[in-house]
Amino acid sequence: MATVASGGIVPLKLHTHKPKPPLPALLSPFLGKKLNLKASPRTLVSNTKALAVVASGGGEFLDAVHNLVLGVGVGLPCTVMECGDIIYRSTLPKPSGLQLTVPGALLALSTLSYLWATPGVAPGFFDMFVLAFVERLFRPSFRKDDFVLGKKLGEGAFGVVYRVSLADKPSPKNGGDLVVKKATEYGAVEIWMNERVRRACASSCADFVHGFLESSSKKGAEYWLIWRFEGEATLFDLMQSKEFPYNVETMILGEVQNLPKGLERENKIIQTIMRQLLFALDGLHSTGIVHRDIKPQNIIFSEGSRTFKIIDLGAAADLRVRCTRTVYHEHTNSICTLRSSGHRTFSRVMAGLRSDSGLIQFNRQLKRCDYDLNAWRKSVEARAGPDLRKGFELLDLDNGIGWELLTSMVRYKARQRISAKAALAHPYFDREGLLALSFMQNLRMQLFRATQQDYGEAAKWIVQLMAKSGTEKEGGFTEAQLQELRERQEPKKKASPQRNALASALRLQRKIVRTLNESMDELNRRRKSLWWSRWIPREE
Ligand SMILES: Nc1ncnc2c1ncn2[C@@H]1O[C@H](COP(=O)(O)OP(=O)(O)OP(=O)(O)O)[C@@H](O)[C@H]1O
C-alpha cells in the first residue's frame, strides 16, 4: 500500500500483518514523555516517524491524529495492522511461524494416513491429474487405419477381440503382434482401468498399448483397446488338457522337474501358478482395483515373461474413484474378489470342478453348507469320486497346509477372508518341495492362524480350551458351568407377534432403501458415462 507523505512517497508497504506499536509510543511526542529508546527497532522507527511529524509543523497535526486513530485499532485491516516496508523489513520482529501442537500433529497424521491408506485417495489424485496427463503427452497413439485385422480371438457380451498387426511394417519398437478389442460403451471404463494398471502395476495384467473412441457413421461409437499379444493360451485352455498341470510345467518352471509324476510334482506346479496369480491380484488390489471376474478364461499365459497375467478388466471396479462398469451390490463386490480366486484354486486342484456344471454344483452345495468349506468336505468326502479324492489328497499334503490356505480364502464374510498379500505370505508358498516346516515357518503359521480367526471363533476356541482344563480340582470352568455362562449371555429369543412385525417392517425398510439406491445408481450411470468419455482420446 503506498501512502503519500509531505514531500515524497513513502516506500511500498508489504502486507505482513504485524500488530501496531503500543499506543504510548505514538503518543509520546505529544505528551512530552521520554521516548523508549530501548524498545524494539520497529518501535524506534515509529517513534522517529512520529517525531518527524511533529517537526514538520502544526499542519501535520492531522496526520498525527490519523496515526492516533490507527493506533487504537480503528481503520481498514491493512491500515490498522502493522505492514512492514521493503526498506525496514529486516527490522521487523521475526514472524511467529507455525506452531506444532499435539492435537494438530495427530490431526495431520490421521489425515495423511487416511489419504494414503488403501485404496489411496492422494496417490489416486496424483495419478489422475498428473501422471495420466503426462503419459498422454508421451505415449504413442494409434488410429483405426493403423491396424490390419487378423484372427478373431474371442467374443464376449461387451466386445469382440482380434489379433492384429500394424499396417506399417512393425519396427522393433512396436514389437510383434497386437490384440484389439472393439468394445461397446463400457469400453471407456476398461480403457481407464488398463491405463491405471499400466501406471501402477504393469506386470499384473496384459501389456496395454492404447485406447481410443472411434466413431464411424456405419456402426456408431466404438471403443478400440489395444494390447500386446501375450500368448496363445489362457489358463482355461491349458486346464482343458488331460495333461494338466504337467503341460504348464516347462512353460512356467523352464524345465521338467526331476521328480516322478505324482502328487508332489503336481503340487509344485499348482503352487507356482497360484503364486503368480496371487501376485498379480495383489498388485491390482494395492492400487485400489478389484477385478471381480477372476476365472481361468481371464488369465493369459504371457510367453514373453513366462508368467500368468490377468486380462479383461471390463468388470473391474476402481475403488479410488468409484469407477465401475455395472451396478454391483456391495455384497457381490466383497464376495467375488478373493473368494473367486479361492474357487479357482479349488478348480485347479479338483479336476471335477473344472467344468461350469461342476462349479455350479459346488457353489450350490457350498451355499447349503452356509459357505463352510469344512462342512462341505464332510458332506461329500464319503461318496467322493477319484478326482475329488485326489484333490483332497493334494491339499492335505504337509499336514493340510494347502487346505488351510484354501479355507481361509473361501469365506463368505470379507473380514474373515484373507487378502492376496496375506495369502502370498502363507507357509504354503514358503517351503522347498515337501520338506517339513521349519521352526520359524511353524511359528509363522501359528501367528497366521491366530490372526485369521475372527473374534467369534477366537472366543469359541478360548471357551473350549477353558472347558478342557476346567475341573473342580484344577480350577477353571467345567463344561456345565460354561454352558450355563453361554446361556446367560445368549438368552433364548422368543418369537412373538410384535417381534415378527418389527422384523418384517425392518426388512421392508431395507428393501425400499435398496430399491431407491439402485434407481439412483441407474439414473447416475448415464451422467457418469459422459464423465468417463472425456478421458478417452477420440480418433481424429
Ligand atoms: N493381450 C492378449 N494377448 C493374447 N490374447 C489375448 C489378449 N487379450 C485377450 N486375448 C484373447 O482374447 C480372448 C477374449 O478376451 P477378453 O476376455 O478380454 O474379451 P471378452 O471375453 O470378449 O470380453 P468381455 O467379457 O469384456 O466381453 C481371451 O480369451 C484371449 O484368448
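None of these values were measured; they are calculated from a predicted model.
- Leu225 and Ala183 get closest at one heavy-atom pair: CD1-CB, 3.9 Å.
- No close placement of the Trp192 and Phe208 rings is indicated, their centers lying 6.0 Å or farther apart.
- A pairwise comparison of heavy atoms in Glu230 and Ala206 identifies OE2-CA, 3.3 Å as the closest pair.
- Checking side-chain atoms of Arg199 against main-chain N and O of Leu131 turns up no donor-acceptor pair under 3.5 Å.
- Between the side chain of Glu222 and the main chain of Gly187, no donor-acceptor pair closer than 3.5 Å is present.
- Annotation: the span from Thr234 atom OG1 to Gln240 atom CD amounts to 8.5 Å, rounded to 0.5 Å.
- Remark: side-chain polar atoms of Arg198 are paired, donor with acceptor, to backbone N or O of Val209 under 3.5 angstrom.
- Ion pair Arg265/Glu249 flagged as a salt bridge, since at least one NZ, NE, NH1 or NH2 atom sits closer than 4.0 Å to an Asp/Glu carboxylate oxygen.
- Without hydrogens or angle criteria, Arg163 side chain to Gly150 main chain gives no donor-acceptor distance under 3.5 Å.
- The number of heavy atoms from other shown groups lying within 6.0 Å of CZ (Phe279) does not exceed 12.
- Distance CZ/Arg306 to OG1/Thr272: 12.5 Å, rounded to 0.5 Å.
- Between Asp207 and Lys309 there is no salt bridge, since none of the side-chain N atoms of the basic residue sits less than 4.0 Å from a carboxylate O of the acidic one.
- For the atom pair CE of Met409 and NE2 of His426, the computed distance is 10.0 Å after rounding to the nearest 0.5 Å.
- Gln276 contributes a side-chain N or O that, together with a main-chain N or O of Phe308, makes up a donor-acceptor pair within less than 3.5 Å.
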With side-chain contact (heavy atoms from CB on, under 4.5 Å) as the test, would you mind laying out the steps for Lys151 and Asp177 before giving the verdict? CA-CA 11 Å; Lys151 189 181 154 202; Asp177 275 3; over 6 Å; no
Criterion side-chain contact (heavy atoms from CB on, under 4.5 Å) on His210 and Ile191, from CA distance to verdict: CA-CA 8 Å; His210 187 59; Ile191 293 177; over 6 Å; no
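- Using cut-offs of 30° and 60° on the angle between ring planes, the pair Phe212 and Phe147 is parallel.
- In this structure, CG on Leu235 lies 8.0 Å from CG on Leu277, to the nearest 0.5 angstrom.
- Between Leu263 and Lys390 there is a side-chain heavy-atom pair separated by less than 4.5 Å.
- In this structure, Met193 and Ala316 approach most closely via the heavy-atom pair CE-O, 3.4 Å.
- Here OG of Ser165 is found 11.5 Å from CG of Asp146. Values are rounded to the nearest 0.5 Å.
- To the nearest 0.5 Å, atoms OH (Tyr412) and CG (Asp370) are separated by 9.0 Å.
- Minimum heavy-atom separation, Ser204 to Ala280: OG-O, 3.0 Å.
- Between Gln271 and Phe429, some side-chain heavy-atom pair lies under the 4.5 Å cut-off.
- A 4.5 Å side-chain heavy-atom check between Cys369 and Lys378 finds every atom pair outside the cut-off.
- Side-chain atoms of Thr287 never come within 3.5 Å of backbone atoms of Gly283 as a donor-acceptor pair (strictly under, hydrogens ignored).
- Between Arg377 and Asp396 there is a salt bridge, since at least one side-chain N of the basic residue sits less than 4.0 Å from a carboxylate O of the acidic one.
- Glu404 is not listed as a side-chain neighbour of Tyr428, based on a closest heavy-atom distance of 4.5 Å or more.
- Within the 4.5 Å cutoff, side-chain heavy atoms of Leu366 are placed close to those of Leu373.
- Judged purely by atom type and a 3.5 angstrom limit, Asn399 has no side-chain atom pairing as donor or acceptor with the backbone of Ile401.
- In terms of heavy atoms, Ile300 sits closest to Ala233 at CG1-O, 3.6 Å.
- Not a single donor-acceptor pair under 3.5 Å links the side chain of Asn298 to the backbone N or O of Ile294.
- When every heavy atom of Ala420 is checked against every heavy atom of Leu278, the shortest pair comes out as CB-O, 3.9 Å.
- Proximity of Glu381 to Phe392: side-chain heavy atoms (C-beta onward) are separated by under 4.5 Å at one or more points.
- You'll find the side chain of Leu405 stays beyond 4.5 Å of the side chain of Met274, heavy atoms only.
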For Ile269 and Gln257, run side-chain contact (heavy atoms from CB on, under 4.5 Å): C-alpha distance rounded to whole Å, both residues' side-chain angles, the deciding distance at 0.1 Å, then the answer. CA-CA 9 Å; Ile269 303 166; Gln257 295 172 92; 3.7 Å; yes
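- Within the 4.5 Å cutoff, no side-chain heavy atoms of Phe229 are placed close to those of Leu178.
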Between Trp376 and Thr407, does the side-chain contact (heavy atoms from CB on, under 4.5 Å) criterion hold? Intermediate values first, please. CA-CA 11 Å; Trp376 171 81; Thr407 48; over 6 Å; no
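- Formation of a donor-acceptor pair under 3.5 Å by the Asp127 side chain with backbone atoms of Arg196 is not found in this model.
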